[in-house]
Trainee: 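Here it is, the structure in full.
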Amino acid sequence: MNTERSLKLYNSLSGKKEIFKPLHEGHVGMYVCGPTVYYDVHLGNCRTFVSFDIMYRYLLHLGYRVRYVRNITDVGHLTDDGEDRMAKGARVAQLEPMEVAQKYTVGFHDMMRAFNTLPPSIEPRATGHIPEQIEMVQDIMARGYGYERNGSVYFNVRKFDQENPGVYGHLSGRVLDELLVESRDNLKSQDEKDDPADFAIWMKARPGDIMVWKSPWSVGFPGWHLECSAMSTKYLGQTFDIHGGGNDLKFPHHENEIAQNHGACGCAPAKFWLHTNMLLLEGKKMSKSEGNFITPVQMFTGDSPFISKAYTPMMLRFYMLQAHYGSQLDITDEALLAAEKGYRKLMETNKVLQGLPADATAYDGSESEHDRAILALIEDAYAGMDDDFNTAVALACLNELGSYAHKLANKQLDASAVSPWVLERLKTVFNTFIFDIFGLQDESDAAGDEGTVDGLMALILDIRANARTQKDWGTSDKIRDGLAAAGIAVKDGKEGTSWAKN
RNA sequence: GGUAUCGUGGCCGAGUGGUUAGGCACAGGUCUGCAAAACCUGCUACAGCGGUUCGAAUCCGCUCGAUACCUCCA
């Protein structure tokens, strides 16, 4: 695409925006921490994956060949009492652990499809990469950063820090010594570890653990952070371009991941670390125990005290576009209502725009002030995306561009005011942004039977037009009100009457 | 308690040294048989208190508040 533009990304490692240059010209490797499939996907998860989906789409749009890896965590996370999450879920539901994983993986995929996210290039599962994880433990031990205790293997953070100063804690802005002091009491006494900051890379199974594998040290399971290190290395190489995730994963997950990669190969994993921010509900963190919680399904059905009606996935996606991925985003019913209208308006505007005829005969070859304004707004939209994927800025530009479509359609602006090639570019850019980059879908189109409905509507509006010529307002309004009740808005314009679904 | 991030108009939310964000809501107007939609105009802001600067919503300090992480967590 346009080589004069440069993509800038906020890199959590440096705390600054940096110009993005892939390690290998034209190719981008991106790893994003995926969901743990022990429960229904969290709405916040959806925001994170929608955010990275937009990044993925924009990188593709820029012409990069992107390998997007997003894992499925189906093992390895411990609960408070030390029990494997998958195993706990299994016990509660009386299912095989893999059955639980499968159920919620399918649910997760359904949700991702509802939000119209593109599938990643590779979606590796932790349980499918046990040998790779064991190998990584071996690599870490071979380089002297792992030690075994009773069949479990721990990462020696202290030694790693001494030999690689400035690496551990860099991402999350933590100082190792302070970390140790601040560790809570119940964590200080993890007896097997040499040091409280050390973390497990292989855990020996205890009686009752179900998801276990053989390893050189014990029958057990990999540590909490190891899968991402092993799988990113396997599919993207020891060093790759972008690693992403929610910012609550910064510490300890990503910090430990970096340590493991360094420990295994002596090099840094990702050049850029991108972190998405949290979704709030009425200004507060979503918390099941506090009752401050809403699920994606509740959003879609409207079955929640927090919202007055159902909101569709695309409305939510639009809502997310209005904020930067790095900012907290607060969900309130009032804000969602506003987003719903904004979303519908954008879709309707695009239809109007795409329906504008290109009048090449009126073109005199010059560039009008409107041409320049439109082209400048298009540039601004791209500049917004180039500035750390600022969808809010790009969307604002589209909104402004959209008014040109209506002005032309309403003849408030003469067709000759915009050059045909500018109009064509506007149409293309609008479509590209809305559908390809933002990943929105026009839900009013989703009902199917478009041909039938169009035919029916044409007939109905024709009858109404006749009634109106005869000043039969009763019939005319009856049709309009009846259609309104059926969820169809009738719009009388200079060029005739059009309609749209609400 | 420690460490970060943030606090923008009625609501949501960009911006981050001087210039209109945008959406929703609201008011007036144009259009319309009346509406709706669309278009035009208007409205109004940078938590508080100090400081730096010719100039600060934007930089610095303090206060208050919010959120996150420090413990599995997008």
Side-chain angles (χ1 to χ4, degrees), chain A residues 15 32-36 38-39 41-52 73 76-80 82-85 88 169 172-175 178-179 181-184 186-187 224 244-253 255 275-280 283-287 318-319 321-324 326-343 345-346 348-349 352 380 384 387 390-400 402-407 409-413 468 471-473 476-477 480-481 484 489-494 497-500:
Chain A
V32 173
C33 289
T36 303
Y38 72 107
Y39 200 74
V41 64
H42 190 292
L43 229 204
N45 263 302
C46 297
R47 183 196 185 191
T48 291
F49 299 134
V50 164
S51 295
F52 283 107
T73 296
H77 285 236
L78 301 184
T79 54
D80 289 340
E83 188 177 27
D84 186 281
R85 271 189 167 181
K88 183 176 186 178
S172 57
R174 267 154 238 265
V175 179
E178 291 177 4
L179 238 183
V181 173
E182 289 157 16
S183 291
R184 289 211 311 206
N186 62 342
L187 294 167
W224 319 338
N247 81 171
D248 51 352
L249 291 178
K250 255 191 207 170
F251 191 89
H253 182 61
E255 201 68 80
H275 288 98
T276 58
N277 216 139
M278 302 294 106
L279 209 51
L280 306 180
K284 297 213 175 72
K285 178 193 180 179
M286 281 197 236
S287 158
F318 180 90
Y319 186 60
L321 288 169
Q322 291 180 302
H324 186 255
S327 302
Q328 288 179 341
L329 176 60
D330 191 15
I331 288 186
T332 61
D333 191 56
E334 197 177 1
L336 288 173
L337 245 17
E340 175 180 18
K341 289 196 182 172
Y343 161 71
K345 189 170 148 186
L346 185 67
E348 189 55 30
T349 296
V352 169
D380 288 348
D387 186 11
N390 196 327
T391 52
V393 165
L395 185 59
C397 293
L398 288 196
N399 276 319
E400 293 201 59
S403 73
Y404 281 95
H406 285 117
K407 274 185 267 194
N410 295 344
K411 307 288 182 196
Q412 284 158 317
L413 197 58
R468 294 181 74 212
K471 298 198 192 298
D472 178 3
W473 308 128
S476 159
D477 289 352
R480 186 176 65 196
D481 297 344
V490 171
K491 303 174 183 183
D492 294 325
K494 280 203 173 70
T497 300
S498 62
W499 60 278

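Quick note on labels: first sequence line is chain A, next is B, and so on, each numbered from 1.
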Trainee: A/N45 or A/D387: which one's nearest nucleotide on RNA chain B is closer to the 5' end?
Mentor: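 First, find each residue's nearest nucleotide; the 5'-ward one identifies A/D387.
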Trainee: Tell me what A/E340 touches on the nucleic acid: a base, only sugar-phosphate, or nothing, going by heavy atoms under 4.0 Å.
Mentor: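 It contacts nothing in the nucleic acid.
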Trainee: With hydrogens left out and only the distance checked, is there a donor-acceptor pair under 3.5 Å joining A/R480's side chain and the base of B/rA35?
Mentor: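 By the distance-only test, yes, there is a pair.
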Trainee: Between B/rG65 atom P and A/K284 atom NZ, what is the distance in whole Å?
Mentor: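 Taking NZ of A/K284 and P of B/rG65, I get 14 Å after rounding.
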Trainee: Does B/rG33 have A/W473 stacked on its base, where the ring centres are within less than 5.5 Å and the planes differ by under 30°?
Mentor: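 So yes, this residue stacks on that base, both cut-offs being met.
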Trainee: Between A/D492 and A/T497, is a side-chain hydrogen bond (donor to acceptor under 3.5 Å, both in side chains) present by the stated rule, with each step listed?
Mentor: CA-CA 4 Å; A/D492 294 325; A/T497 300; 2.8 Å; yes
Trainee: When you compare B/rA74 with B/rU20, how far apart are their P atoms, in angstrom units rounded to a whole number?
Mentor: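 It comes out at 42 Å once rounded to the nearest Å.
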Trainee: Considering every strand and a 4.0 Å limit on heavy-atom distances, what is the contact class for A/L346: base, sugar-phosphate, or nothing?
Mentor: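 Contact class for A/L346: none.
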Trainee: At what distance, to the nearest 0.5 angstrom, does CD of A/Q322 lie from CG of A/N399?
Mentor: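 Between atom CD of A/Q322 and atom CG of A/N399 there are 8.5 Å.
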Trainee: Using a cut-off of 4.0 Å on non-hydrogen atoms, how would the nucleic acid contact of A/P252 be classed: base, sugar-phosphate, or nothing?
Mentor: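 Contact class for A/P252: sugar-phosphate only.
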Trainee: Tell me what A/N399 touches on the nucleic acid: a base, only sugar-phosphate, or nothing, going by heavy atoms under 4.0 Å.
Mentor: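 Sugar-phosphate, no base atom in range.
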Trainee: Starting at atom OH of A/Y343, determine the distance to atom P of B/rG23, rounded to an integer number of angstrom.
Mentor: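 Taking OH of A/Y343 and P of B/rG23, I get 18 Å after rounding.
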Trainee: What's the gap between B/rC11 and B/rU19 when it is taken at their C1' atoms, as a whole Å value?
Mentor: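 Here B/rC11 and B/rU19 have their C1' atoms 26 Å from each other.
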Trainee: List RNA chain B stems (3 or more consecutive Watson-Crick/G-U pairs, under 3.5 Å)?
Mentor: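 Expected stems, ordered by start: B:1-7 with B:64-70, B:10-12 with B:22-24, B:26-30 with B:38-42, B:47-51 with B:59-63.
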Trainee: May I ask you to decide if A/Q412's main-chain N or O and A/N410's side chain share a donor-acceptor pair within less than 3.5 Å?
Mentor: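 No, A/N410 side chain to A/Q412 backbone: no donor-acceptor pair under 3.5 Å.
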Trainee: For nucleotides 40-47 of chain B, print each protein N/O atom paired with a nucleotide N/O atom at under 3.5 Å, atom names and distance only.
Mentor:
from	atom 1	to	atom 2	distance (Å)
B/rC40	OP1	A/K407	NZ	3.2

Trainee: Kindly give the atom pairs (protein nitrogen or oxygen, nucleotide nitrogen or oxygen) under 3.5 Å for nucleotides 4-6 of chain B.
Mentor:
none

Trainee: Any chance you could measure A/L279, atom CG, to A/T48, atom OG1, to the nearest 0.5 Å?
Mentor: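 One finds 8.5 Å between CG of A/L279 and OG1 of A/T48.
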Trainee: Between A/E348 (CD) and B/rA36 (P), how many Å, whole number?
Mentor: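 Between P of B/rA36 and CD of A/E348: 17 Å.
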Trainee: Rounded to the nearest angstrom, tell me the gap between atom CG in A/L280 and atom C1' in B/rC69.
Mentor: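 Whole-Å distance recorded here is 14 Å.
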Trainee: Distance criterion of 3.5 Å, no angle test: do you see the side chain of A/D477 paired donor-to-acceptor with the base of B/rG33?
Mentor: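 Indeed, a donor on one side and an acceptor on the other fall under 3.5 Å apart.
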Trainee: I'd like to know if the side chain of A/T73 and the backbone of A/T36 have a donor-acceptor N/O pair within less than 3.5 Å.
Mentor: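 Checking the backbone N and O of A/T36 against the side chain of A/T73, no donor-acceptor pair under 3.5 Å is found.
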Trainee: For B/rC31 and B/rC39, measure between their C1' atoms and round to the nearest Å.
Mentor: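 Taking atom C1' in both B/rC31 and B/rC39, they lie 9 Å apart.
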Trainee: What integer number of Å spans the C1' atoms of B/rU8 and B/rU44?
Mentor: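 Each nucleotide's C1' atom is 12 Å from the other's.
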Trainee: Mark up nucleotides 24-30 of chain B, 5' to 3', with B wherever a protein heavy atom is under 4.0 angstrom from a base atom, S wherever such an atom reaches only the sugar-phosphate, and - elsewhere.
Mentor: SS-----
Trainee: In whole Å, what separates the P atom of B/rU71 from that of B/rU3?
Mentor: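 Rounded to whole Å, the distance is 15 Å.
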Trainee: Rounded to the Å, how far apart are A/W224 CH2 and B/rA74 P?
Mentor: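 Taking atom P of B/rA74 as the reference, CH2 of A/W224 is at 14 Å.
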Trainee: What integer distance in Å separates A/F49:CZ from B/rC73:P?
Mentor: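 From A/F49 CZ to B/rC73 P: 12 Å.
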Trainee: Output the rounded distance in Å from CZ (A/R468) to P (B/rG33).
Mentor: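 Those two atoms, CZ and P, are 7 Å apart.
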Trainee: Students often get this wrong, so: under 4.0 angstrom with heavy atoms, is A/G44 touching a base, only sugar-phosphate, or nothing?
Mentor: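 Since a base atom lies under 4.0 Å of A/G44, the category is base.
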Trainee: Answer with yes or no whether A/N247 presents, from its side chain, a donor or acceptor under 3.5 Å of a partner atom in the base of B/rA74.
Mentor: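 In this structure, the two groups form no donor-acceptor pair.
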Trainee: For B/rA37 and A/N410 - does any side-chain N or O of the residue sit under 4.0 Å from the phosphate oxygens OP1/OP2?
Mentor: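 False: A/N410 side-chain N/O out of range (4.0 Å or more) of B/rA37 OP1/OP2.
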Trainee: What's the CG-P distance between A/D330 and B/rG7, to the nearest Å?
Mentor: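 Interatomic distance, CG of A/D330 to P of B/rG7: 14 Å.
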Trainee: If you measure from the P atom in B/rA38 to the same atom in B/rC24, how many Å do you get, rounded?
Mentor: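 Rounded to whole Å, the distance is 8 Å.
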Trainee: Heavy atoms under 4.0 Å, any strand shown: does A/A396 hit a base, just sugar-phosphate, or nothing?
Mentor: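 Base contact - A/A396 has a heavy atom under 4.0 Å of at least one base atom.
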Trainee: Want to settle it: does A/G246 or A/C397 sit nearer the 5' end of RNA chain B, counting the closest nucleotide to each?
Mentor: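 Nearer the 5' end of the strand: A/C397.
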Trainee: Does A/H406 make a side-chain N or O approach to OP1 or OP2 of B/rC39 shorter than 4.0 Å?
Mentor: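 Checking A/H406 against B/rC39: at least one side-chain N or O falls below 4.0 Å of OP1 or OP2.
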Trainee: Give me the distance, rounded to whole Å, that separates B/rC54 from B/rU41 when you measure between the P atoms they each carry.
Mentor: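 That atom pair is separated by 38 Å.
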Trainee: Any base atoms under 4.0 Å from A/V490, or only sugar-phosphate, or nothing? Heavy atoms, all strands.
Mentor: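 Contact class for A/V490: base.
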Trainee: Check each of A/N277, A/I331, A/T276 against A/R47 using the side chain to side chain contact (heavy atoms under 4.5 Å, CB included) test, and report the only one that passes.
Mentor: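 The passing option is A/N277.
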Trainee: Taking only the side-chain heavy atoms of A/D248 (C-beta and beyond), determine which of B/rG2, B/rA74, B/rC12 contains the nearest atom.
Mentor: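 In terms of side-chain proximity for A/D248, the closest of B/rG2, B/rA74, B/rC12 is B/rA74.
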Trainee: In whole angstrom, give me the gap between the P atoms of B/rA47 and B/rC6.
Mentor: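 Approximately 13 Å lies between the P atom of B/rA47 and that of B/rC6.
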Trainee: Using a heavy-atom cut-off of 4.0 Å across all strands, would you classify A/H275 as base, sugar-phosphate, or nothing?
Mentor: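 Contact class for A/H275: none.
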Trainee: In chain order, what residues pass the side-chain contact (heavy atoms from CB on, under 4.5 Å) check against A/S498, with sequence neighbours excluded?
Mentor: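 Expected list: A/K491.
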Trainee: Could you list the residues that satisfy ring pair (Phe, Tyr, Trp, His ring centres under 6.0 Å) with A/F49, not counting sequence neighbours?
Mentor: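 Here the qualifying residues are A/F108.
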Trainee: Can you tell me whether the side chain of A/S476 and the base of B/rG33 have a donor-acceptor pair closer than 3.5 Å?
Mentor: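 By the distance-only test, yes, there is a pair.
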